[in-house]
Amino acid sequence: MQRTMEDDDTLYLRGRVSKLYRKDGKVRVLGTDTLTGQNVEIDADMVVLALAMTPSKGTAEIAKTLKIGRDKDGFLAEAHPKLRPVESVTGGIYLAGAAQAPKDIPETVAQAGAAASKVIALLSQATLNRSPLIAKVRRSHCTGCGMCVEACPFFAIRLEGGKAIVNEALCEGCGSCSATCLRAAIDVKNVTQMQIHEMIEACLA
Ligand code: SF4
Ligand code: SF4
């Protein structure tokens with residue numbers, strides 16, 4: 001940008017446009033330079049509007065199919081913007097490009113390379129390690145009501161023989177099932193309801 005300003009005598013303004021209208025064969029642009037606070041009037045040959053980028057039509061469907069979260073603008077959401085920028089919350093699903101947010105080509109290429117590296121690292125392992133924070137059903141307490149099946153966003157629970165069963169490979173340890181079960185028959189390992197109660201009591205003591 002600096003080189004263009006110096007070599008090509010180009011003027012960049014950071015401003016807010018308040019009005020555009022045709023006048024004497026030109027397009028008159030009215031607005032404010034937000035750095036100097038000055039009002040600006042420009043008679044332009046051409047005005048190019050940069051429209052906001054929105055998620056593509058299939059984004060909602062693919063998010064639902066792959067159980068990937070979406071951000072407030074509807075783009076696919078990463079697991080953590082700084083620590084896990086190319087991973088989705090669903091294990092084994094990685095993000096790259098404008099599906100995640102508006103971005104340019106170099107940024108997309110860099111992110112795609114990072115996602116590919118993650119996939120290679122995942123597939124090059126002889127065995128897959130999962131987080132130990134997964135749900136576990138207390139079968140003696142389970143009535144088979146199915147509420148946890150409905151509550152699980154990752155389709156990790158099914159009913160079998162009148163009891164809930166957790167697919168440990170699909171479980172992401174979100175705890176929705178545990179919060180839903182009226183019988184306290186399902187808990188996330190290492191974060192049981194009893195442990196949470198004790199943590200709260202310790203905090204309040
Ligand atoms: S919500 Fe609780 S009682 Fe109902 S099926 Fe799930 S674990 Fe069993
Ligand atoms: S913790 Fe429960 S609701 Fe969450 S993914 Fe695992 S089984 Fe599903």
Side-chain angles (χ1 to χ4, degrees), residues 1-125 128-131 133 152-155 170 172-176:
M1 185 170 105
Q2 189 65 34
R3 201 174 64 207
T4 319
M5 289 171 75
E6 288 168 1
D7 295 351
D8 301 327
D9 202 21
T10 305
L11 174 65
Y12 283 91
L13 294 177
R14 194 193 79 173
R16 288 185 190 282
V17 175
S18 57
K19 194 172 182 182
L20 297 175
Y21 58 93
R22 288 195 180 279
K23 188 171 185 196
D24 302 332
K26 300 271 189 180
V27 181
R28 174 153 289 193
V29 182
L30 300 184
T32 309
D33 181 333
T34 50
L35 293 179
T36 63
Q38 299 291 314
N39 288 335
V40 176
E41 281 188 34
I42 297 172
D43 288 325
D45 297 319
M46 179 186 286
V47 173
V48 179
L49 302 176
L51 299 177
M53 187 184 273
T54 57
S56 64
K57 281 184 188 154
T59 303
E61 193 183 342
I62 200 164
K64 193 173 166 199
T65 305
L66 299 176
K67 296 131 201 157
I68 307 172
R70 294 199 294 154
D71 63 20
K72 64 180 175 36
D73 299 314
F75 291 94
L76 302 181
E78 68 282 341
H80 189 284
K82 288 196 167 53
L83 302 178
R84 296 168 64 195
V86 300
E87 295 172 56
S88 72
V89 289
T90 305
I93 307 287
Y94 301 95
L95 307 175
Q100 187 194 15
K103 59 188 67 178
D104 58 19
I105 292 172
E107 208 179 344
T108 300
V109 170
Q111 196 189 15
S117 304
K118 287 277 180 188
V119 173
I120 291 167
L122 182 73
L123 297 181
S124 61
Q125 297 173 52
L128 291 180
N129 296 319
R130 295 283 292 147
S131 162
L133 301 182
C152 178
F154 297 96
F155 306 110
L170 295 178
E172 293 290 338
C174 68
S176 301

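Just so it is clear, the structure is predicted and the values come from calculations on it, not from any experiment.
A search for salt bridge (charged side-chain N to carboxylate O under 4.0 Å, His left out) contacts involving K26 returns D45, not counting sequence neighbours. The side chain to side chain contact (heavy atoms under 4.5 Å, CB included) search around I62 returns L66, L76, not counting sequence neighbours. Residues passing the salt bridge (charged side-chain N to carboxylate O under 4.0 Å, His left out) test with K67, sequence neighbours excluded: none. E41 is linked by a salt bridge (charged side-chain N to carboxylate O under 4.0 Å, His left out) to R28, counting only residues two or more places apart in sequence or in another chain.
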Side-chain donor/acceptor pairs under 3.5 Å, residues 95-115, sequence neighbours excluded:
from	atom 1	to	atom 2	distance (Å)
Q100	OE1	K103	NZ	2.9
Q100	OE1	Q111	NE2	2.3
Q100	NE2	E78	OE1	2.6
Q100	NE2	P85	O	3.2
K103	NZ	Q111	OE1	2.8
D104	OD1	E107	N	3.0
T108	OG1	D104	O	2.8
Q111	OE1	G97	N	2.9

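Geometrically, K19 engages Y21 in a cation-pi contact, judged by NZ or CZ lying under 6.0 Å from the ring centre and within 45° of the ring axis.
The salt bridge (Lys or Arg N to Asp or Glu O under 4.0 Å) analysis of residues 79-96, with sequence neighbours excluded, yields the pairs R84-E87, E87-K118.
Here the closest non-hydrogen pair linking Y94 and L122 is OH-CD2, 3.9 Å. The two atoms that bring V89 and E172 nearest to each other are O-OE1, 3.3 Å, heavy atoms only. For the residue pair A79 and S88, the shortest heavy atom distance occurs at CB-O, 3.8 Å. Smallest separation of non-hydrogen atoms from I68 and I93: CD1-CG2, 3.5 Å.
Rounding to the nearest 0.5 angstrom, the gap separating the CG atom in D33 from the CG atom in N39 is 10.0 Å.
Side chains of T34 and R16: a donor-acceptor N/O pair is absent below 3.5 angstrom, by distance only.
Between L13 and I42, some side-chain heavy-atom pair lies under the 4.5 Å cut-off. Taking the side chain as every heavy atom from C-beta outward, L49 and V17 never approach each other to under 4.5 Å.
Q125 CD: more than 12 foreign heavy atoms inside a 6.0 Å radius. Around the CG atom of D8, the shell of radius 6.0 Å holds more than 12 heavy atoms that belong to other residues, nucleotides or ligands.
Under a 3.5 Å cut-off, the side chain of D73 and the backbone N or O of F75 do not form any donor-acceptor pair.
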